[in-house]
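Numbering of residues begins at 1 and proceeds along the displayed sequence.
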Amino acid sequence: MHRARPPSCGIIAAMLQEERHQRIRALLANAELVTTERIALDLDVSRETVRRDVVALEALGALRRVHGGVQRTAALPEPPLQQRARAHLLEKRSIVRAAARLLQPGQTVFVDAGSTVSLLADELASLRGLTVITNSLDVAQKLVADDTAAQCRHTVRLLGGQPRPTTGATYGDETIAAILSRRADWAMLSPVGVSAELGASSYELHEAEVARAMSRQASQTVILADHSKIGQTSRVSFCPLERIERLITDPRAAKTPGYAALSRAGCSIVLA
């Protein structure tokens, strides 16, 4: 007797495919071209699965296949912070725990905006005695959420400027001027990509300008980047390799070609 396939299997497969498609779109939101190798590593799937996914997305007009990878066909909005935070969540949590261990009470730290540093704020909430200067509304809100006038864990300075609802952060000339008027022990920054050629880079100019100013005004710069960002480059470089005190990433990064290039270039890499 023929046994019908349980309908749930098809539903689960479709859901997984939709999640993969969303992740590929998210990668293309921050880079004009993404290699097949990076997609396969990022999604932890085979090249054949990647091929099927990009063929389907190309048919929808979401991307264009090119030699060695895919290229976006039009400007794509950056996925919401909550969606980006879910990608590589376990790896990001390990990364921010390693970053938090570098900090000592009494120190000042610049923190930019993004999904990884949003998780860093969760980790810093268990510490005390820092001065945190940030342009991220999310980071600032997390660090003062449970404070009282009598017992503040940290001194938090939210930078002024033009707020952008898509990133939940402030940018612009006012933001840059405020950063340049301060000094910090650390800048903890999360890029779109980090490579031996460009160092740390971002897709949006206004985001890169804030990160560049923070790095310039800090004694030490720490880059927080999961394996999907290793060896990748985006449009605007904000911190050359020689200014990166530490790159904190996860163990899967060691499998990427970009990791070897960063090591050869003398980058100090911590696998969290």
Side-chain contact test, heavy atoms from C-beta onward, threshold under 4.5 Å: evaluate it for [X] versus [Y] and give yes or no.
X: R64; Y: V66; value: yes
X: E209; Y: Y171; value: no
X: L102; Y: I248; value: yes
X: H206; Y: Q162; value: no
X: R216; Y: L180; value: yes
X: F238; Y: M214; value: no
X: V109; Y: T134; value: no
X: I95; Y: L119; value: no

Answer yes if the side chains of [X] and [Y] hold a donor-acceptor pair under 3.5 Å, and no otherwise.
X: S94; Y: R97; result: yes
X: T249; Y: K229; result: no
X: D138; Y: S136; result: no

Rounded distance (nearest 0.5 Å) linking atom [atom1] of [X] with atom [atom2] of [Y]:
X: L43; Y: R38; atom1: CG; atom2: CZ; result: 10.5 Å
X: S190; Y: K92; atom1: OG; atom2: NZ; result: 7.0 Å
X: L130; Y: T108; atom1: CG; atom2: OG1; result: 8.0 Å
X: L57; Y: I24; atom1: CG; atom2: CD1; result: 5.5 Å
X: L28; Y: R23; atom1: CG; atom2: CZ; result: 10.5 Å

Among [options], find the residue that satisfies the side-chain contact (heavy atoms from CB on, under 4.5 Å) test when tested with [X].
X: V50; options: D42, V70, V45; value: V45
X: L247; options: V270, I230, T221; value: I230
X: V156; options: L143, I133, T131; value: L143

- Task: Please report the C-alpha distance between E48 and R51 in whole Å, then the side-chain angles of each, then the deciding distance to 0.1 Å, and finally whether the salt bridge (Lys or Arg N to Asp or Glu O under 4.0 Å) criterion is met.
- Result: CA-CA 5 Å; E48 180 59 28; R51 188 194 69 81; 3.0 Å; yes
- Query: Is S215 reaching over with its side chain to a backbone N or O of A211, donor-acceptor style, under 3.5 angstrom?
  - Reply: no
- Message: Looking at every heavy atom in both E207 and T167, which two are closest together, and how far apart are they?
- Response: OE2-CG2, 3.4 Å
- Query: Taking all atoms of both residues into account, what is the closest heavy-atom pair of L159 and A178, and its distance?
  - Reply: CD2-CB, 3.6 Å
- Item | Neighbour count >12 (heavy atoms, 6.0 Å) for atom CZ, R93 | no
- Steps toward side chain to side chain contact (heavy atoms under 4.5 Å, CB included) verdict (S219, E245): CA-CA 9 Å; S219 298; E245 177 71 19; over 6 Å; no
- Given N135 and T175, is the side-chain hydrogen bond (donor to acceptor under 3.5 Å, both in side chains) satisfied, shown in steps? CA-CA 7 Å; N135 68 318; T175 312; over 6 Å; no
